Amino acid sequence: MKRKLLITGGAGFIGSHVVRLFVNKYPDYQIVNLDALTYAGNLENLADINEKSNYIFEKGDITEETFIDALFQKYQFDGVIHLAAESHVDRSILDPLAFIKTNVLGTAVLLNTARKHWKGNETGKLFYHVSTDEVYGSLGEEGFFTEETPYDPRSPYSASKASSDHFVMAYYHTYHLPAIISNCSNNYGSNHFPEKLIPLAIHNIKNNKPVPVYGKGENVRDWLFVEDHARAIDVIFHQGRIGETYNIGGFNEWKNIDLIQLLCRIMDQKLGRPEGTSAQLITYVKDRAGHDLRYAIDATKLNKELGWEPSLQFEEGLEKTVDWYLANEEWLQHVTSGAYQQYYQEQYQKR
Ligand code: NAD
Ligand code: DAU
């Protein structure tokens, strides 16, 4: 039977890679991409698949109950992959309520609507919630996040994601809504909005602007190429066990300052600058409030149960990413004009 799939947040960074993968790989599925097109949503990300016959875009807000109900009525979805969210930690510090609204209320509206439409007919349905490793809090020098690590969110963003995860599990246990969650580490790759560390640094290096490094640059993140995350979502959506959580990670930890140094070397090469030129732009600025020290994912369960593993070495992925940004100047110009400038001032001027 033809599957009817709702993907939320498909015009964003990770969502656009997931939509592309599913539209191209599953021509028999009808894929509806629902996105509110906030500052982070951009239909240019999907220009290459826009005309595909199995793809439909719907503009709308996941917090609007009546609209979401009408959408389920119209398409009779049998699967949901939920990515729509406010996703940037620094913005959650500036405006926490926006995160509670979209990430908590929006997820609850989707869950409730799926429950209503699937009630008594749950077989073959799946609500797949895409979450983050930040729900587990902050690690010290050692250890990894496993699926059993207790939740300990510490930013408004991670608290809102943790809350949404709890609602997913509450709907699974209380109403038997077929649900799965995955918690992934930091993604990087093409179409990443330049408020996040890697695309922001690429953009600034290219334009000879200071590269802001928070605190001493000693915080550690575990980086995964975004297309590998999309592949993991595909595998989990089709083969994951209902009611389970799967951690997704790159086995690829980097201190921020080491990552930025590597990026500066790649940028020098690509831009034909003498080695060491870009590194002079590195500027230590005031630390992020409540800055989590280290994230590191243990993705053994996903590897052992479903055979997934990352496909790319970090250096290779980072080079591919830089190449994409250098070849897509117009995309960068579009997303950094207007409101981006205002955000940048507010976020960085006093640091
Ligand atoms: P993003 O900010 O690039 O994209 C979010 C998308 O959601 C945008 O297209 C935006 O327009 C849309 N959106 C926002 N509010 C909406 C609303 N109320 N209704 C409908 N659409 C709305 O985010 P991303 O980095 O692609 O992250 C996608 C998901 O993956 C999020 O749930 C995030 O928590 C999770 N995640 C991200 C990372 C990462 O490193 N970026 C890692 C792990 C998990
Ligand atoms: O771990 C998964 C999470 O990764 C996702 O859930 C989030 O949606 C995603 O934004 C990301 O969160 P981080 O806060 O880790 O990503 P960000 O790119 O904002 O920051 C990465 C690290 O770099 C972090 O330690 C803060 C630091 N940083 C960030 C910015 C924007 C800087 O030093 N300077 C900066 O200008």
Side-chain angles (χ1 to χ4, degrees), residues 1-12 14-36 46 49 52-62 64-65 67-85 103 106-131 164-165 167-184 227 229-246 248 302 305-306 308:
M1 200 185 77
K2 189 173 168 144
R3 290 202 78 163
K4 294 175 192 149
L5 192 53
L6 171 66
I7 302 183
T8 71
I14 301 170
S16 61
H17 287 278
V18 174
V19 167
R20 176 176 299 101
L21 177 69
F22 274 72
V23 165
N24 287 331
K25 189 168 172 185
Y26 302 106
D28 286 350
Y29 291 11
Q30 181 180 59
I31 289 156
V32 177
N33 169 17
L34 165 66
D35 198 295
L46 291 165
I49 58 143
K52 296 266 180 168
S53 57
N54 61 338
Y55 172 69
I56 297 168
F57 175 72
E58 290 272 2
K59 184 173 186 297
D61 190 326
I62 56 166
E64 286 177 15
E65 210 179 334
F67 169 75
I68 296 297
D69 187 58
L71 209 66
F72 269 74
Q73 190 62 40
K74 182 173 169 187
Y75 292 106
Q76 302 287 313
F77 301 118
D78 50 38
V80 176
I81 303 181
H82 173 37
L83 296 111
N103 299 358
T107 302
V109 165
L110 285 168
L111 285 166
N112 215 42
T113 312
R115 171 174 86 96
K116 185 179 141 193
H117 283 262
W118 296 348
K119 197 171 176 202
N121 197 11
E122 284 89 358
T123 308
K125 310 288 193 299
L126 179 60
F127 190 104
Y128 181 156
H129 179 58
V130 176
S131 192
S164 67
D165 292 10
F167 273 103
V168 173
M169 280 305 156
Y171 270 68
Y172 166 67
H173 287 292
T174 309
Y175 306 112
H176 309 295
L177 184 85
I180 293 180
I181 299 177
S182 61
N183 296 84
C184 188
E227 291 175 33
H229 187 187
R231 276 196 308 108
I233 289 173
D234 177 18
V235 170
I236 295 167
F237 181 78
H238 289 99
Q239 297 168 45
R241 284 182 292 137
I242 304 288
E244 292 288 317
T245 283
Y246 293 89
I248 311 171
L302 177 57
E305 268 189 29
L306 305 180
W308 175 91

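Owing to the predicted nature of the structure, the values given are computational and were not obtained by experimental measurement. Side chains included, hydrogens not; waters and symmetry mates left out as well; all remaining heavy atoms used.
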List the atom of S16, the atom of G12, and the distance in Å for their closest heavy-atom pair.
OG-O, 2.8 Å
Can you say whether the rings of F237 and Y128 are parallel (under 30°), tilted (30 to 60°) or perpendicular (over 60°)?
parallel
I'd like to check V32 versus K74 (side-chain heavy atoms, cut-off strictly below 4.5 Å). Are they in contact?
no
Spatial distance of atom CD1 (I242) from atom CD1 (I180) [nearest 0.5 Å]:
5.0 Å
Test side-chain contact (heavy atoms from CB on, under 4.5 Å) on I7 and V18; report intermediate values, then the result.
CA-CA 8 Å; I7 302 183; V18 174; 4.2 Å; yes
Other residues, nucleotides, ligands: >12 heavy atoms within 6.0 Å of E65 CD:
no
Taking the side chain as C-beta and beyond, is there a heavy-atom pair between I248 and I236 under 4.5 Å?
yes
Non-hydrogen side-chain atoms of K52 and N24 separated by less than 4.5 Å
yes
On a heavy-atom basis, which atom in L126 and which in W118 lie closest, and how many Å separate them?
O-CH2, 3.5 Å
In Å, rounded to the nearest 0.5 Å, how long is the span from CD of Q239 to CG of D234?
8.5 Å
For F77, check ring-ring contact (aromatic ring centres under 6.0 Å, His included) against everything at least two apart and list the hits.
F72, Y75
With side chains defined as the heavy atoms from C-beta onward, is the minimum distance between I233 and I81 less than 4.5 Å?
yes
The single option from V80, I62, I68, L71 that satisfies side-chain contact (heavy atoms from CB on, under 4.5 Å) with T113 is I68
When rounded to the nearest 0.5 Å, the distance separating OG1 of T8 from NE2 of H82 is 5.0 Å
Donor + acceptor pair across side chains of H129, T107 (<3.5 Å)
no
Donor-acceptor contacts, no H, no angles, side chain residues 168-178, under 3.5 Å, sequence neighbours left out:
residue, atom, partner, partner atom, Å
Y171, OH, N112, OD1, 2.7
T174, OG1, A170, O, 2.8

N183/D165 under side-chain contact (heavy atoms from CB on, under 4.5 Å): CA gap, chis, key distance, verdict:
CA-CA 9 Å; N183 296 84; D165 292 10; 3.2 Å; yes
With a 4.5 Å heavy-atom cut-off, do D69 and H117 have their side chains touching?
yes
Applying ring-ring contact (aromatic ring centres under 6.0 Å, His included) to F67 and not counting sequence neighbours gives none
Atom pair CG/CG of L83 and D35 - distance to nearest 0.5 Å:
10.0 Å
Reported SG-to-CG distance for the pair C184 and L302, which is rounded to 0.5 angstrom:
9.5 Å
Taking side chain as C-beta onward, heavy atoms only, is V23 less than 4.5 Å from L46?
no
Can any side-chain N or O of Y55 pair as donor or acceptor with the backbone N or O of R20 at less than 3.5 Å?
no
Closer than 3.5 angstrom, by distance alone: can the side chain of N54 be matched with the main-chain N or O of Y26 as a donor-acceptor pair?
yes
Report the distance from atom CD of Q30 to atom NZ of K2, rounding to the nearest 0.5 Å.
5.5 Å
S131 side chain to S182 backbone, donor-acceptor under 3.5 Å
no
Take atom CZ of F167 as the centre, draw a 6.0 Å sphere, and report whether it contains more than 12 heavy atoms from other residues, nucleotides or ligands.
no
